[in-house]
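When a ligand or atom number is given, it counts from 1 through the structure's own listing order. All values derive from a computational prediction rather than experimental measurement. Note: hydrogens, waters and symmetry copies are ignored here, and every other heavy atom, side chains too, is used. Counting from 1, the numbers follow the sequence of the chain as shown.
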Amino acid sequence: MAARILVVEDEPAVQELMRYTLEQAGMEVFTAASAEDALESLRDELPDAVLIDWMLPNKSGLALARELRETTRTADLPLIIVTARGEEADRVKGLDQGADDYVVKPFSPRELVARIQAVLRRRAPHTSDAALAAGGLMLNPVSHEVTLNDSAVELGPTEFRLLHFFLAHPERVYTRAQLLDQVWGDHVFIEERTVDVHIRRLRVALGDEGEDLIKTVRGSGYKLSAAKPHSAGYAKAHATPQ
Ligand code: CA
């Protein structure tokens, strides 16, 4: 799926250049002109990464980055700081505040895109075009093909995005609110039971293994479990007695 990037930049011309550059690279772009605007936008929707200009009116980009890192909901958001300051000390300061990377103005469009893509590959693999595999499942984001034990699986667009996200983060438990944020991009206006509906459809499409692959974690949410039941049994049978 197209990576969604929030661009926080107060200069309209630079903001426009960034939007154009990222859209040309197939990304979906949201913009904010200040840290306050960015926080407002993030309350409604979580992007896949945030590009933050260091010099913003009122609250600085660095202060915004620190605040996002200290807030549970945004703590894991990939952050890239953009600045005209290139000095080593500032760079270290930026990375200390929790930025994943650093782009110095003036930047070439190609460099900007490459840096964002590198951060996304590392931090948001569900936005990449790389094929993912786990637990007998194989998903190809480019051809939109999914196979389970080499048999084709037919999925609707939402189930495809959901499975793509789970395959990028196997064995990690996500709450319904987190899945709405990450897969739908919206945890405010969509009801949590929507997640249950699409989990059910995904499981049905995966047939007999649906319940084993997409596990309900009571009181928490859902996770993709790539460990086959028989290999778990094997591990147990061969575990050293306590
Ligand atoms: Ca600025």
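Within the 3.5 Å criterion, the main-chain N or O of A13 finds no donor-acceptor partner in the side chain of E11.
The nearest N/O/S atom of D53 to the Ca ion (ligand 1) is OD2. Atom OD1 is the N, O or S atom of D10 at the shortest distance from the Ca ion (ligand 1).
L213 places none of its side-chain heavy atoms less than 4.5 Å from the side chain of F166.
Our summary of the site lists the angle at the Ca ion (ligand 1) between OE2 of E11 and O of M55 as 160°, to the nearest 10 degrees.
Look at D100 and R115 and you find no salt bridge, because none of the NZ, NE, NH1 or NH2 atoms lies under 4.0 Å from a carboxylate O.
T216 pairs with exactly one of K223, E211, R203 by the side-chain hydrogen bond (donor to acceptor under 3.5 Å, both in side chains) rule, that one being R203.
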